[in-house]
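Both backbone and side-chain heavy atoms feed into the values below; hydrogens, waters and symmetry mates do not. Computed from a predicted structure; not experimentally measured.
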Amino acid sequence: LEYDPKSEKLSPSEKRFLDDMLLSFKRQGLDLPKKQQDEVKAIRKQLVELSIKFNSNIANYQDSILCTKKELLGLSDAYIANLSVDEKTKKYIVTLVYPELKPFMKFAESDDKRRELADKSVQKGGKENIVILKKLLKLRNKLAKKLGYENYVAYVVEDELAEKHENVRKFLTGTIKGLLPRAKKDFQTLSKFAEENLPDKKLTYYSSGYIANKLEQKLFGFDQNKIKEYFELSGVMGEMFSLFGKLFNVKFQENRILPKWHKDVMIFDLVERGHVVGHVFFDMYPRKDKFSHMACWGLMKGQTKTFRSAEYLAPVSIIVGNFPKGNKKSPSLLSIDEVETLFHEFGHAMHGTLSRAEISSQSGTSVAFDFVETPSQLFENWVRDRKTLKMISKHYKTGKQLDGKTVDQIVASFNFMKAREFLRIFTMSLQDYEMHSTRFETDPLELDREFHDRYFSLPQSPKSLFPASWGHMTDYAARYYS
């Protein structure tokens with residue numbers, strides 16, 4: 001059909017929508033000859049199919065270790081109560097889900113069992129995912145070339161804040177250069193403490209989390225297992241709703257009417273001046289074949305019901321997590337890191353549901369991808385605020401808040417070993433950059449080992465298949481830096 005021009009004056013959002021659509025057509029290859037358009041379509045279809053399989057292999061991957069009660073020394077009663085028991089051996093089963101894996105690597109006294117679990121966890125996704133990732137990298141480069149871009153990173157960042165792939169590389173290499181001296185100092189501190197406190201006096205990939213926890217406890221004087229007792233999930237959520245309800249002048253009311261896909265899912269309405277303006281679904285506990293990480297997705301974007309109408313369709317966000325479910329002996333108790341993660345994902349949810357953009361493609365989290373994490377990172381920093389941290393704490397038995405001294409100790413610990421943590425994030429981002437620019441033909445496993453040896457003194461597990469479990473290689477491909 002021919003377009004019938006009406007010489008209408010476009011609003012700023014409508015003008016942006018038009019510009020974005022025209023760029024999108026180009027990026028989809030609609031300006032190419034028919035034969036090349038078909039080739040682009042075929043590549044995109046392959047990419048979708050491979051990405052689905054890659055993510056499915058991660059979500060469906062299952063493995064575990066068996067432990068006697070003695071081999072669980074160091075872990076809390078609440079943790080042990082949540083473990084399943086093997087019918088044949090009567091031993092406890094420790095799986096790779098986060099509420100079981102992370103505490104085990106941090107608190108378990110058994111060196112052998114930590115190594116056994118660590119070796120299994122780094123194989124998540126399996127060897128098939130390495131093969132799939134190789135195909136994804138080559139196909140992405142092929143797609144970028146067909147669309148006229150230097151490489152896949154150049155294609156991805158064209159409409160991001162970074163604009164040019166050279167800007168991304170400069171940002172990453174410059175930050176890594178600044179982090180390296182501090183990360184090296186962190187490693188030396190941890191190595192020295194390991195020499196003084198580990199039987200074999202040697203820091204390993206399976207003892208680093210354990211010994212770091214011991215050092216943190218010594219330096220800051222609090223027990224993380226005890227701190228968890230002050231952060232029961234429903235209580236933290238209630239205080240979080242109260243805090244951000246005041247900030248944004250909304251109320252959060254549980255909705256027991258809308259349908260949900262599992263009985264554990266909780267639904268809350270955002271109410272502003274008596275009107276429901278959004279919904280947030282919380283799917284917080286691990287289960288078989290479920291997404292195994294933490295995330296927030298927009299199920300429905302906000303937008304006006306019809307073109308230029310006053311009626312607005314309420315957006316819907318979903319927060320998917322894998323927190324410990326709790327049991328008859330104790331409720332779901334969160335670590336400080338998990339509280340911070342909850343606030344982070346809730347930041348995404350608020351970004352999505354508090355939007356009033358007229359056009360769905362501009363609504364909520366539909367922003368430049370290298371900006372999308374900004375609101376969530378602002379939200380997570382509330383947990384680092386002394387007043388807020390004390391406010392959201394409440395012992396699940398006594399109802400008491402954390403005392404001032406303990407709050408100060410926790411706040412003081414927030415920068416503990418952060419240089420090592422940030423170095424890991426930024427080197428992974430550079431690794432992602434190289435995989436999608438100049439190193440797309442390099443075996444992802446080989447490149448991962450190369451990066452690890454280049455930036456980290458601690459050898460990784462000889463069984464590591466880390467890229468196979470790197471779920472961000474589908475949705476954050478070439479923009480992990482964001």
Side-chain angles (χ1 to χ4, degrees), residues 23 27 47 51 54-55 58 133 136-141 143-144 147 149-183 186 293-297 340-341 344-345 347-348 351 364-381 415 417-442 444-456 466-482:
L23 177 60
R27 290 169 60 79
L47 287 172
S51 295
F54 187 85
N55 288 332
I58 296 172
L133 186 54
L136 284 170
L137 294 174
K138 290 178 181 179
L139 281 170
R140 286 168 184 161
N141 180 70
L143 174 68
L147 293 172
Y149 295 88
E150 182 181 346
N151 54 52
Y152 190 71
V153 184
Y155 165 70
V156 165
V157 304
E158 179 187 32
D159 58 348
E160 308 293 3
L161 295 180
E163 294 184 344
K164 297 180 180 180
H165 71 91
E166 296 90 350
N167 293 338
V168 176
R169 183 174 185 84
K170 184 178 179 181
F171 165 63
L172 294 175
T173 55
T175 306
I176 289 170
K177 184 178 179 180
L179 282 169
L180 277 169
R182 294 184 63 179
D186 280 352
H293 200 48
M294 288 288 301
C296 178
W297 296 300
E340 195 172 63
T341 300
H344 176 101
E345 300 302 343
H348 284 306
H351 189 191
T365 55
S366 297
V367 294
F369 209 88
D370 47 9
F371 175 80
V372 78
E373 295 294 333
T374 303
S376 54
Q377 289 173 356
L378 291 173
F379 268 64
E380 73 181 50
N381 277 318
N415 288 327
M417 294 287 154
K418 281 298 177 184
R420 291 177 72 242
E421 179 183 328
F422 288 145
L423 181 63
R424 176 64 175 155
I425 293 170
F426 276 85
T427 55
M428 285 171 66
S429 299
L430 184 58
Q431 185 175 333
D432 166 51
Y433 174 93
E434 292 199 3
M435 287 164 70
H436 288 99
S437 56
T438 58
R439 306 289 297 277
F440 59 90
E441 290 188 335
T442 304
L445 201 53
E446 179 186 321
L447 187 63
D448 181 62
R449 289 169 181 155
E450 177 188 319
F451 263 73
H452 187 91
D453 292 345
R454 187 192 308 173
Y455 293 109
F456 298 94
F466 168 71
S469 65
W470 198 356
H472 287 98
M473 282 300 92
T474 54
D475 55 349
Y476 277 73
R479 48 192 179 188
Y480 194 75
Y481 74 92
S482 63

Practice problem: If a pair satisfies salt bridge (charged side-chain N to carboxylate O under 4.0 Å, His left out) and one of its residues is in residues 165-175, list it, with sequence neighbours excluded. | Solution: R169-E434
Exercise. Could you tell me which residues satisfy side-chain hydrogen bond (donor to acceptor under 3.5 Å, both in side chains) with H293, sequence neighbours excluded, listed by chain and number?
Key: Y98
Identify all side-chain donor-acceptor contacts of residues 367-376 below 3.5 Å with residues at least two apart in sequence or on another chain.
unit_1, atom_1, unit_2, atom_2, d
D370, OD1, L161, N, 2.9
D370, OD2, L161, N, 3.2
D370, OD2, A162, N, 3.0
D370, OD2, Y481, OH, 2.7
E373, OE1, H344, NE2, 3.0
E373, OE1, H348, NE2, 3.1
E373, OE1, S376, OG, 3.2
E373, OE2, Y476, OH, 2.4
T374, OG1, F371, O, 3.0
S376, OG, H344, NE2, 3.4
S376, OG, H348, NE2, 3.3
S376, OG, E373, O, 2.7

Quiz prompt | Summary of salt bridge (charged side-chain N to carboxylate O under 4.0 Å, His left out) pairs that have at least one residue in residues 469-482, sequence neighbours excluded | solution = E160-R479
Quiz prompt | For A478, side chain to side chain contact (heavy atoms under 4.5 Å, CB included) partners two or more places apart | solution = Y152, V153, V156, H436
Practice problem: Return the set of residues passing side-chain hydrogen bond (donor to acceptor under 3.5 Å, both in side chains) with N55 (not counting sequence neighbours), or none when no residue passes. | Solution: T474
Quiz item: Can you name the side-chain hydrogen bond (donor to acceptor under 3.5 Å, both in side chains) partners of T365, sequence neighbours left out?
Solution: K301
Exercise. Applying side-chain contact (heavy atoms from CB on, under 4.5 Å), run through F171 and N167 and close with a yes or a no.
Key: CA-CA 6 Å; F171 165 63; N167 293 338; over 6 Å; no
Quiz item: By salt bridge (Lys or Arg N to Asp or Glu O under 4.0 Å), which residues pair with E450, not counting sequence neighbours?
Solution: R439, R454
Quiz prompt | Any M435 side-chain heavy atom under 4.5 Å of L447 side chain | solution = yes
Quiz item: By ring pair (Phe, Tyr, Trp, His ring centres under 6.0 Å), which residues pair with H165, not counting sequence neighbours?
Solution: none
Self-check item: Qualifying residues under salt bridge (Lys or Arg N to Asp or Glu O under 4.0 Å), relative to E340, sequence neighbours excluded
Solution: R384
Quiz item: Using 4.0 Å as the upper bound for N to carboxylate O, is an ion pair formed by R449 and E446?
Solution: no
Quiz item: Can you tell if the side chain of F451 reaches within under 4.5 Å of the side chain of L430, non-hydrogen atoms only?
Solution: yes
Quiz prompt | Results of side chain to side chain contact (heavy atoms under 4.5 Å, CB included) for D159 - residues two or more places apart only | solution = L23, R27
Quiz prompt | For M428, all residues meeting side chain to side chain contact (heavy atoms under 4.5 Å, CB included), sequence neighbours excluded | solution = R424, F466, W470, Y480
Quiz prompt | Nearest atoms (heavy-atom pairs only) where K164 meets V157 | solution = C-CG2, 3.7 Å
Quiz prompt | Which atom of Y155 lies closest to which atom of L147, heavy atoms considered | solution = CE1-CD1, 3.7 Å
